[in-house]
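When reading the values below, keep in mind they use all heavy atoms of this one structure, side chains included, and skip hydrogens, waters and symmetry mates.
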Amino acid sequence: MDSATSQITGGFQSNKLVQAWLVLVLAVVFGISLAGVQLVLGPIIEKNKMNETLEKVPELVLGKDLAAKMAGENQVLEITPNHVMVENAGRSKFYSVYEASYQGDRKGWVVKNKGRGYADTIELLVGFSPDFSSITGLFVLDQKETPGLGNKIIFEKWRNQFINAPTDKPLVVVKTGSTRPEEIDAVTGATISSKSVTVLINSVISDLKEPLTAAPNEAGKEDKDNG
Amino acid sequence: MNAIEHTEDVAPVIYVSPSPHLVQTATSTRRMMVDVLIALAPVVAMSLFVFKGYALFQLAVCLAGSLAAELIFVKMRGKPSTLKDCSAIVTGVILAMSLPGTAPWYIGIIAAFVAIGIGKVIFGGLGMNLFNPAMVGRAFVMISFAGALAASGFEDVQSTVDAVSQATPMNAYKMNGVVTPLVSLFLGTTNGSLGETSALACLLGGLYLVIRRTASWEIPVGLLTAVAIIGGLADLMGPADGWTILHHIFGGSVLFGAFFIATDPVTSPLTPKGKLIFGFGTGVLIMTLRLFSGYPEGVMFAVLLMNALTPLINRWMIPKPFGEH
Amino acid sequence: MADQPTALERFIQGVLPENPVYRQLLGLCPTLAVTNSLTAAVTMAGAVGFVLLCANVIISLIRNLLKPHLRIVVFTLTIATFVTIADRLLAAYLYQMSKTLGPYIPLIIVNCIIICRCEVVASKQGPVAAASDAIGQSLGFGLALASIAVIREILGTGALFGIRVLPTVWPDWVIMGLPPGAFLTFGILLGVVNWFTDRRKAA
């Protein structure tokens, strides 16, 4: 190979930087092309990340049927993402809160929260009625619970029992058929996963109920997220 | 006729094992297996008495599965049948005794095929396997069918058999802090895997095995010591909820595991010292899993983990020849 | 270079006789990690194919400029660039899939199949041979991944491409979707492939 012969000639060509000219040129070329790719695709990826949450909001606030009906009639909910900071026992915690409204009328809230599950972190979205008095929907964004047991928390059948649960009492997990609205049936064989979900929801309620209901138009300390 | 003899037909192999070097290997495998079956008799009898039809059903399924699997896989390898050494029967019975009576039929069949196929034959047959075959099969179905084999799967509230309609003692304690009376744990009138409930039956069978020297005493002793020490510490340090050392030993499948599962001569160390370490390690792992994991019981995973360490223990514990420094 | 296989030979060899997974045992990390669903396996194979094709062609075009002691750096640089492009493309147009595949897309950078093909073919032969080799190898890789994924997805979830194919009485073998299922399936398939090869040789 001719590259092998040029190596022996020494002098100017043996200079390490000169030898590496190809690497340097390639690095510059590739770097520029990667920057171009990022420039084109970056906004799309950012939008994907936002949409992941946003496209769930109508269903969580309005319920599945109404959300489908609205989408069918080309009506779009206005969604305002906020960050709400809550001071709790000396520690501050940020919540992503999405306020959904239609033609200036508030339709409800969606709050993102994550915390410890049985196997790993569970991340979920909870929908609340406009006055924060009841839960209107639950969606599990991310979980790694035991397949066949704990991962049943993602199924609609289980999640639907949260709909219309009141927020004035903390949710309780029961194993033998719930009799009251604040009682949630545990997934069979996965009490811990079920409890983790209710704990996450309860902490949202206890942290956010006051700030969100106290200031009807100004949700606590908020800084606009221009997504 | 057993597997070891046939491999000798193919190529000369030197077997390294501590004395006594008995020549009659062909009959000894079978003798051991028959001994284990005799020792399992009280356990099986007790499970039939407590779980009635459930136990009979599970035994039939697992035995049929194991024998069929042994027949098919040994034939696939082109070796003469090894059914007569009774090892498949032992695997089948132990597997059945480690499953809940409520498990559907396919669980026993799949577990048996995995136990014999992946647990044993794939490694080269009896004597070559790294892991306890019955536990490999059980682990496979335990992870696959978590719903049927996790603690909640043991219960069938509508069942006419008393034991099956209750929660298992281990789960009742772990989830709700309910302590089952020692007498029921000792006699075995509680819910659980078929063979694990009766401490009495396990002790009877286990003592027979130890007296016959079919199972070495070091493994059960090491295992129970570890469980007792950690169980005692947990009892002293934890809340006074009535779950004592004896509950730790009689509850769950510690005794069944100590005498019938951990003592498998193929997958446990060769030297007495190694066996003690093996037993102790298994006990420590059982208690670690019980106290700190999401599972109420940890015998199966503990035995499998220690099986994996057996070659290492064997290397550490090579006896020094007399006079060597 | 008369002693080198032709483009067509390169292509055919890549698919089965020199299958990257079953014959060369390369690229096993994604083989084991993303084969619990056929969709993920096909996407993975596609991503690897894209990177392999681009890297092979580029390396082949600049093969006469390569210095022996710097060639690995050039390979890695090229591969990393195309992996990043593949990763961004997936995140932009197949967002859910890119979340499912997670770190395994960036890990294509260290996938041995690609660096192996760059070294064996692209740095010695022209772009046509390099391209057809890349296509053959990625086809072989895709077939291998799909073969494992079909078994794991059907046994593990009773579905194929996420669509239920087995009756609902089928009890899902959850373990097949977890890492142990990957090792068991791959081991058994590898055994079957070797058994067939042996029988063919013997015949």
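Within a 6.0 Å radius of NZ in Lys114(A), other residues, nucleotides and ligands contribute 12 heavy atoms or fewer. Residue Arg164(C) places its CZ atom among more than 12 non-hydrogen atoms of other residues, nucleotides or ligands, all under 6.0 Å distant.
Neither the backbone nor the side chain of Glu46(A) has a heavy atom closer than 4.5 Å to any heavy atom of chain C. Both the backbone and the side chain of Lys49(A) come within contact range of chain C, with heavy atoms under 4.5 Å apart. Looking at Val37(A), the atoms closer than 4.5 Å to chain C (heavy atoms on both sides) all sit in the side chain, from C-beta outward. The contact between Leu89(C) and chain A is made by backbone and side chain atoms together, counting heavy-atom distances below 4.5 Å. Neither the backbone nor the side chain of Ser98(C) comes within contact range of chain A; no heavy atom of the residue lies under 4.5 Å from a heavy atom of that chain.
Taking 4.5 Å as the limit, every side-chain heavy atom of Thr84(C) sits out of range of all side-chain heavy atoms of Phe30(A). Side-chain contact check for Tyr95(C) versus Asn51(A): every heavy-atom pair is 4.5 Å or farther apart. Between Leu70(C) and Leu22(A), the closest side-chain pair of non-hydrogen atoms is not below 4.5 Å.
The stretch residues 199-208 of chain A participates, sequence neighbours left out, in these side chain to side chain donor-acceptor pair (under 3.5 Å) pairs: Asn88(A)-Asp207(A), Tyr95(A)-Asp207(A), Asn113(A)-Ser203(A).
In this structure, Asp142(A) CG and Lys99(C) NZ are separated by 5.5 Å, a value rounded to the nearest 0.5 Å. Rounding to the nearest 0.5 Å places CG of Leu26(A) at 7.5 Å from CD1 of Ile59(C).
Minimum heavy-atom separation, Leu41(A) to Ala92(C): CD2-CB, 3.9 Å.
In this structure Trp170(C) satisfies the ring pair (Phe, Tyr, Trp, His ring centres under 6.0 Å) test together with Trp173(C), sequence neighbours excluded.
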